[in-house]
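This report concerns only the one structure given below.
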Amino acid sequence: MGPGDLSTVLKDIPLQSDPRLLVGRESFDDAGVFLVAPDLALVQTVDFFPPIVDDPYTFGQIAASNALSDVYAMGGQPLTALSIVAFPTADLPLGVLTDILRGGQDKVHEAGAHIVGGHSVVDSELKYGLAVTGRAHPDFLLTNKNAKVGDLLILTKPIGTGALTTAAKKGLVDDAALEPAIESMLKLNGNASRAALSVNSKCATDITGFGLLGHALHIARGSNVTIEFDSSSIPFLPGAIEAVRAGAVPDGAKRNRAFVEEFVSWDGVSEDVKLLLVDPQTSGGLLVAVSPDRADKFVARVEGAAIVGKVVEKSGEFLRVR
């Protein structure tokens, strides 16, 4: 479901009001945050989807990494997770599900958390994911509403997983071409989250289904600022541009492009790059707003991190890309 569809669905549902609800759905942030004690808040999220790679164990790991990422994007530490499974028992052997669950559990354990249960249904299409609960200190949260004028925007993973996995499904690339994307999707965002907190950042989001520009738009609108991106500094996965040029454009990218178009101005950006900037990511990196005097420290702590833009006074469009 695209960001425009989600807005339409939710617009007539009243928002909840409770002083303990520190982050709800009003800003389309990555997870909900609920205060349970003066120094303790719970971070809660859920995510699941159909397979994007053929190997069941790898799919389980990627789906778990993707779900855990929302907790990291809020500055939280995952504690527990519940498995969510839809499985076509008439079409696939149960051993496939065993491998998926094993992959998910191994990745959750890597994050220092635990699988404590779950729920499964019989379905015509395989889907898997997690509902994750984490903890955070209420004074040290990352949200998508706290970008400040002058902050630099730092992206911690290259983008292009949507285009590359689509290319693989269409047979446009071989298995070797997908390896960099798989490696990126398997990488947890825990270190990037801790690095953001260590440089006193208050603003971050993870880049997932709405693409880089869709999630950046949430930051810009929530913070009432304009974000300027330098497209030449944005890292793309190897082969991502070629995949788009070969026609591997996910439907989600098209929906994302239509949604952000009225909020963005383009200056000399090619169509291929535009499509990658709205490419829906699975287990993408964090986009973190960092004070300029601390940006180098953050980049030094997070392998592959790149400064991709800056925050300026709100003027005209929420997003500018050159």
Side-chain angles (χ1 to χ4, degrees), residues 2-4 27-30 73 142-160 162-163 189 192 195-196 199-237 240-241 244 253 255-281 284-300 302 304-322:
S27 61
F28 294 95
D29 218 323
D30 298 297
L142 300 170
T143 77
N144 64 10
K145 298 189 294 185
N146 286 315
K148 306 299 182 186
V149 172
D151 282 349
L152 298 179
L153 272 296
I154 302 176
L155 182 64
T156 65
K157 289 186 187 181
I159 60 177
N189 282 323
V199 296
N200 297 322
S201 174
K202 297 293 185 182
C203 178
T205 186
D206 68 335
I207 308 305
T208 49
F210 297 158
L212 176 62
L213 293 190
H215 289 283
L217 177 59
H218 289 155
I219 290 179
R221 296 174 80 172
S223 307
N224 195 33
V225 296
T226 292
I227 292 176
E228 296 182 346
F229 284 107
D230 176 3
S231 61
S232 66
S233 68
I234 297 173
F236 299 135
L237 285 162
I241 285 281
V244 169
R255 291 191 294 269
N256 291 341
R257 172 76 182 277
F259 178 74
V260 304
E261 195 62 37
E262 67 175 292
F263 304 106
V264 60
S265 63
W266 308 96
D267 182 7
V269 181
S270 71
E271 187 64 21
D272 299 331
V273 170
K274 289 179 182 179
L275 288 170
L276 278 177
L277 296 184
V278 294
D279 187 50
Q281 303 301 284
L286 300 187
L287 183 67
V288 185
V290 179
S291 174
D293 60 329
R294 297 170 181 151
D296 288 343
K297 179 181 177 182
F298 179 86
V299 170
V302 182
I307 298 172
V308 296
K310 62 183 178 180
V311 179
V312 300
E313 292 277 0
K314 176 66 175 68
S315 175
E317 298 85 2
F318 280 110
L319 304 173
R320 299 189 191 119
V321 186
R322 59 179 175 84

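All figures in this text were calculated on a predicted structure; none of them were measured in a lab.
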Which heavy atom of [X] sits nearest to which heavy atom of [Y], and what is that distance?
X: I307; Y: A295; result: CD1-CB, 4.2 Å
X: P280; Y: A253; result: CD-N, 3.5 Å
X: V269; Y: V273; result: CG1-CG1, 3.7 Å
X: L276; Y: A163; result: CD2-CB, 4.1 Å
X: A306; Y: S233; result: CB-O, 4.1 Å
X: F298; Y: A192; result: CE1-O, 3.6 Å

Does a side-chain heavy-atom distance below 4.5 Å link [X] with [Y]?
X: L213; Y: N256; result: no
X: P235; Y: V308; result: yes
X: R294; Y: N200; result: yes
X: W266; Y: L319; result: no
X: L217; Y: I227; result: no

Roughly how far, to the nearest 0.5 Å, is the [atom2] atom of [Y] from the [atom1] atom of [X]?
X: R322; Y: S232; atom1: CZ; atom2: OG; result: 6.5 Å
X: I207; Y: Q281; atom1: CD1; atom2: CD; result: 8.0 Å
X: F318; Y: H218; atom1: CZ; atom2: NE2; result: 11.5 Å

- Message: Under a plain distance cut-off of 3.5 Å, with no hydrogens placed, do D272 and S270 share a side-chain donor-acceptor pair?
- Response: no

- Message: Run T226 and R320 through side chain to side chain contact (heavy atoms under 4.5 Å, CB included) and show every step you take.
- Response: CA-CA 7 Å; T226 292; R320 299 189 191 119; 3.8 Å; yes

With a cut-off of 3.5 Å and sequence neighbours excluded, list every side-chain donor-acceptor pair involving residues 148-160.
| residue | atom | partner | partner atom | Å |
| --- | --- | --- | --- | --- |
| D151 | OD2 | K148 | N | 2.9 |
| T156 | OG1 | L286 | N | 2.8 |
| T156 | OG1 | L286 | O | 3.4 |
| K157 | NZ | S184 | O | 2.7 |
| K157 | NZ | K187 | O | 2.6 |
| K157 | NZ | S283 | O | 2.9 |

- Message: Determine whether V260 and F210 satisfy the following criterion, side chain to side chain contact (heavy atoms under 4.5 Å, CB included), listing intermediate values before the conclusion.
- Response: CA-CA 10 Å; V260 304; F210 297 158; over 6 Å; no

- Does anything in residues 199-222 pair up under salt bridge (Lys or Arg N to Asp or Glu O under 4.0 Å), and if so which pairs, sequence neighbours excluded? none

- Query: Can you list the steps and then say if L142 with T205 is a side chain to side chain contact (heavy atoms under 4.5 Å, CB included)?
  - Reply: CA-CA 8 Å; L142 300 170; T205 186; over 6 Å; no

- Item | N/O donor-acceptor pair under 3.5 Å between S223 side chain and K145 backbone |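 Flag set: sc S223 to bb K145 pair under 3.5 Å.
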
- Any ion pair linking E261 and K274 (charged N to carboxylate O, less than 4.0 Å)?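 No, this pair does not count.
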
- Should the pair F263 and F259 be assigned to parallel (<30°), tilted (30 to 60°) or perpendicular (>60°) ring geometry?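 It falls in the tilted class, 30° to 60°.
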
